[in-house]
Amino acid sequence: MNRRTFIKGAIALTATAWLNPNNLIDAAEKIFWWQKKGVYQIYPKSFLDTNGSGTGDLRGIIRKLDYIKSLDVGAIWLTPVYPSPMVDNGYDIADYTDIDPRFGTLADFDELVAEAKARNIKIVMDLVFNHSSDRHPWFLESKSSRDNPKADWYIWRDEPTNWRSIFGGSAWQWCEERQQFYLHTFATAQPDLNWENPDVRRALFDAANFWLNRGVGGFRIDAIVYIKKPKIFVDGPADADGTCSVHNMTANTDGILDFLHEFKREVFDGRDIFTVGEANSVKPEDLPDWVGDHGVFDMLFEFSHVNIMFPHGEVWHRAELFKLSDFKRALTDSQLATRDSWYPIYFENHDKPRSVNNFFPHGTDKILAAKALAMILFTLRGTPFIYQGEELGFANVAFDSIDDYDDISSRGQYDLAKADGLGDKEALRFVQKFSRDNARTPMQWDTSRNAGFTSGEPWLPVHEDFATCNADSEARDPDSVLNFYRRLSKFRNSSDVLIRGDYHELYPNSEELFIFTRTLGDKKILTAVNFTTHEVKLPAKIFDGAKKLFGNYPDEKNFLRPTEAVILILD
Ligand code: NOJ
C-alpha cells in the first residue's frame, strides 16, 4: 500500500513511520506527524542577521528556534539557502549540495537540523529543479558548445517562440557561444533544465537525497508544473504586444506525471518525510492525480484562492476586485477535492502580499484582520502554513520609487504596465499592492534599531510600524496577534475535530460572511468571519447553544461586528 493513504480507512505506513510512536495520534486511525502540526516558513534573508551583514543567516534561525517552537509547529520550511548569485533571491541555484556563505556553512546547517530536532521540529528544504542559475557549472558547460557532454542538459533552440517569461520579456535568451537561444521560464539567469535527459533527472534526485541523508524532514518543490515541456515548440495565442505567457504553453503538460512518479520512487518513497509541490494551474479536479493514494506529493500548493484577483493570468495591472464568494469557492473546492487526501492551508508566502491587505477591504483594522484570518488558517482541514511575520500581523509596505524595489518580478511587472500605457504613478501603485517585497521586509524582533534584525544596514528597509508590531512587544501583550496564534495553534493541534473532521461550507453565496463547520462524530466546530467593515446580521441563530472558543472581540453579540470572527463549539 501507498504511504500517502491517509486517515480514512485501513492504512499502511512506511516501516520508519510505524517504529516512531510520535507519528501517530492514535492507534486506530493513523495520522502523520506533518498532519498533526503546522509549518513555519522562513525567508532566511529577512529573518535574523547575526553577523551585521544586513542579510539573515542560519545562526539567526538557530537563535530563534524557541520562538518558533512557541507556535507549536512541527516543521520549518526554509526558502533556498544554497550558493546563488541571488538574482531571484536564491531561486537561482549555483550548487545544489552546499550552503551559500551569506547564510553560513554546512556545519551550521547540521547544527540547525539537530537543534530543531531537539525541539521536535524538522527542517524542510526548497528544491528548485525546474531551472538552475546561469552560473551553475552544468550550465557553464552546456553553453560552452553544442557537443559537450552536458550540451542537452538545458533547452536550446535555433529560433525563439513568442513566449513571455514569467518575470517579463522573452522567455528565450540568445547565447553567443552556442549561437542558440536557451529557454528560461523565469529570469534570464534561470535557465530551464532539460528533464527529458535521464542524466539530469539522476543528478537532481541525487541532490535531493543528499539533503535527506543530512536529516531533513521533507521538501517544498518549486515551480514543479513547468518541468515537462510540450513536444513541439510553437508560438502561442498572442497578447496585444505579440507575446504569450510561457505559463500558458508549458504548465502541467501531458507526461509530467511520469517524471513525477519517477521522482517519488527515487527520492520520497520509504522516507518519513512530507512533500509539498508548488503547482500553479493544477485545478481542484486534477488534485487526485497529484496528491493522495494515486498522486505523487503529500500536499500541493495550488494557487486558486490566492490568485482570484488574476483570473486572466498574473499580470498585476489587470487585477480584478477581490470577491469573497470566489475566495470561498476556491477554498471549498480544494477542501472537498482533498477530502481523502491532504491540503496545505496558506494565505501568505514570500511571493504574495501580506494577507491583512490582500483579502480585506481598505480601512480594515489590521489586528482584527490578522486574527480573523488565523481563525480560518487553523480551522480548515489540512496543515496550516504560517509565513514569517504573519503571526505578528505584518502589513504591506509602499516604497516611493520603483528603484527601491529589489524584487525582480516587481520590476518586470512595472515595465509591463508601462508598456501597456500606464503612467509611472499608476504602475507603481500596482507594484505597491502586489510586490513580493511586501512579504520580504525584515522580521521585526523588538523596538531597537532596525527592529533588532541586523546591526548593519538591512538589505531591504524595515517596515515603519516596527515600534508596535514586533515579536518582543507582542509576546508581552496577552491580546496580541502573536499570542492569539500561539493559543490557536495549540488548540488546533490538540483537536481531533480540527485535524480529522469533515468540512462543510454554509451560505456560500454570501459576499460578507465566510462560515464553515468541521464535524467529527457528534462534535462540531463552526468558524464564522465577517469580511466587511460593517456589522452583519447572522443568517441563523448560530450562537444559540454554542460556546465561543475563540474570537477577535472580547464579548458576543447576535450579529458580527466589522471584521469580527468567532470559533464556536456546537456539540
Ligand atoms: C516560485 C518561487 O516561490 C518564487 O519565489 C521564484 O521566484 C520562482 N518560483 C522561480 O523559482
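These numbers come from the heavy atoms of this one structure, side chains and all, not from hydrogens, waters or symmetry mates. Both counts, for ligands and for their atoms, begin at 1 and track the order of listing.
Ranking protein heavy atoms by distance to atom 5 (O) of ligand 1, first place goes to D351 OD1, 2.7 Å. Among all non-hydrogen protein atoms, the one lying nearest atom 8 (C) of ligand 1 is F186 CE2, 3.7 Å. With hydrogens left out, the protein atom closest to atom 7 (O) of ligand 1 is D88 OD2, 2.4 Å, a heavy atom. Nearest protein neighbour of atom 9 (N) of ligand 1, counting heavy atoms only, is D222 OD1, 2.9 Å.
Contact annotation: for R440 versus ligand 1, heavy atoms closer than 4.0 Å belong to the side chain alone.
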* Asked: Given H136 and Y96, is the ring-ring contact (aromatic ring centres under 6.0 Å, His included) satisfied, shown in steps?
  -> CA-CA 9 Å; H136 195 295; Y96 285 102; 5.5 Å; yes
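Less than 4.0 angstrom separates some heavy atom of R436 from each of these atoms of ligand 1: 4 (C), 5 (O), 6 (C), 7 (O). Close approach of ligand 1 to H131 (heavy-atom distance below 4.0 Å) involves ligand atoms 10 (C), 11 (O). In the vicinity of H350, heavy-atom distances shorter than 4.0 Å reach the ligand 1 atoms 2 (C), 3 (O), 4 (C), 5 (O). Near F167, meaning under 4.0 Å from any of its heavy atoms, are these atoms of ligand 1: 7 (O).
The aromatic rings of W342 and W34 lie perpendicular to each other, with more than 60° between the two planes, well past the 30° mark. Under the 30°/60° scheme for interplanar angles, the aromatic rings of W163 and F233 are found to lie parallel. Ring-plane geometry between H350 and W77 is classed as perpendicular, the angle between the planes exceeding 60 degrees on a 0 to 90 degree scale with a lower cut at 30.
Looking only at distances, no side-chain donor or acceptor of Q173 sits under 3.5 Å from a matching main-chain atom of F181. For N450 (side chain) and F453 (main-chain N/O), no donor-acceptor pair under 3.5 Å exists by modelled atom type.
Heavy atoms of K352 come nearer than 4.0 angstrom to ligand 1 in no pair at all.
The number of heavy atoms from other shown groups lying within 6.0 Å of CD (E285) is above 12.
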